[in-house]
Amino acid sequence: MNERVAPQAFPPMQAMPDGEAELSLVVRLPWEDVARLGQEAGRLAAQMQRPVTLDEAVSNRLRSTRPAAAHARPGAEQPPAAAPGGAGVTSLPRISGTA
């Protein structure tokens, strides 16, 4: 089953009132990763005492596994230049060993 779905008309990035940005994307994940995200959502829901979506679980996971983007904040000290070869991409957290 390799059906192509017509792209939806979402803006690629949207500024949020709280000063953050929202980025819409589609990610294909193995069911095992979806199950782990469900477990993360359950853990987060118990901690926050309210229902939590998988989107919230992913956002929380990304925020908790990397430092804040200081270079994106006005007046913050600039980080050192990125290493050649796209080192920033390899430092993104992975949920499983598949890529």
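No hydrogens, no waters, no symmetry mates; every other heavy atom, side chains included, goes into these values. All values derive from a computational prediction rather than experimental measurement.
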To the nearest 0.5 Å, tell me how far [X] [atom1] sits from [Y] [atom2].
X   : Y   : atom1 : atom2 : value
N60 : Q47 : CG    : CD    : 7.0 Å
Q14 : S24 : CD    : OG    : 7.5 Å
L37 : E40 : CG    : CD    : 7.5 Å

Item to check | E56 vs R61, salt bridge (charged side-chain N to carboxylate O under 4.0 Å, His left out): CA-CA, chis, key distance, verdict | outcome: CA-CA 8 Å; E56 287 179 283; R61 178 72 170 241; over 6 Å; no
Checklist entry - Are V34 and V26 connected in the hydrophobic side-chain network, where two residues link if heavy atoms are under 4.5 Å apart? => result no
Item to check | Joint hydrophobic cluster, L62 plus L29, side-chain heavy atoms closer than 4.5 Å | outcome: yes
Next on the checklist: Looking at E20 and R63, is any side-chain nitrogen of the basic one under 4.0 Å from a carboxylate oxygen of the acidic one?
Outcome noted: yes
Item to check | A21 versus M16, closest heavy-atom pair with distance | outcome: C-CG, 4.2 Å
Next on the checklist: Which residue in the set T53, V58, V52 passes side-chain contact (heavy atoms from CB on, under 4.5 Å) when paired with D55?
Outcome noted: T53
